[in-house]
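Here's the structure we're looking at; comments come further down.
The first residue of the sequence shown is numbered 1, and numbering continues consecutively from there. Every heavy atom of this structure was used, including side-chain atoms; hydrogens, water molecules and symmetry mates were not.
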Amino acid sequence: MNNDEECPGMLLDADLYIFKVFTNKQESMTSWFLDALNYAIHEKLDIINLSIGSPDFTDLPFKDKIEQVTNSSSNIFF
């Protein structure tokens with residue numbers, strides 16, 4: 001970790017990836033999330049932050065992908 005003495009804990013040379021998976025009307029499709037998560041796996045990103053909520057807990061493709069990511073050897077943390 002490359003710490004700055006004035007702001008300990010900050011990783012100054014970290015890359016930040018932002019994936020837009022919602023339209024401006026707050027609409028989304030599962031496939032957009034799956035594409036973003038597949039890219040994260042492919043690029044071997046270290047941390048994924050999903051700040052989402054949904055009443056749909058039966059979206060099996062999404063749940064399966066989250067399990068794949070967390071069980072993969074890519075060491076991705078949520």
Side-chain angles (χ1 to χ4, degrees):
M1 183 181 284
N2 184 8
N3 284 320
D4 183 332
E5 290 181 16
E6 294 182 26
C7 193
M10 294 296 293
L11 188 57
L12 299 177
D13 57 352
D15 293 322
L16 181 64
Y17 294 79
I18 299 170
F19 303 101
K20 184 173 180 177
V21 293
F22 286 94
T23 66
N24 291 338
K25 295 181 179 182
Q26 299 303 311
E27 299 167 331
S28 185
M29 298 190 67
T30 298
S31 63
W32 300 347
F33 281 97
L34 300 181
D35 288 345
L37 292 169
N38 283 332
Y39 185 85
I41 292 170
H42 181 264
E43 292 298 313
K44 298 180 174 140
L45 302 185
D46 297 314
I47 299 171
I48 298 174
N49 177 15
L50 293 175
S51 299
I52 59 172
S54 171
D56 185 6
F57 299 104
T58 61
D59 189 343
L60 293 180
F62 182 76
K63 289 172 58 174
D64 290 345
K65 182 56 68 178
I66 295 297
E67 282 187 27
Q68 178 191 359
V69 171
T70 56
N71 293 328
S72 73
S73 62
S74 58
N75 295 321
I76 295 175
F77 297 96
F78 281 92

Among Leu37, Leu45, Asp64, side chain to side chain contact (heavy atoms under 4.5 Å, CB included) partner for Val69: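 Only match with Val69 under side chain to side chain contact (heavy atoms under 4.5 Å, CB included): Leu37.
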Could you state the interatomic distance from [atom1] ([X]) to [atom2] ([Y]), rounded to the nearest 0.5 Å?
X     : Y     : atom1 : atom2 : answer
Lys63 : Thr30 : NZ    : OG1   : 12.0 Å
Phe22 : Phe33 : CZ    : CZ    : 4.0 Å
Phe19 : Leu50 : CZ    : CG    : 10.5 Å

Using side-chain heavy atoms (C-beta onward) and a distance below 4.5 Å, is Leu34 in contact with Met29?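 No, side chains not in contact.
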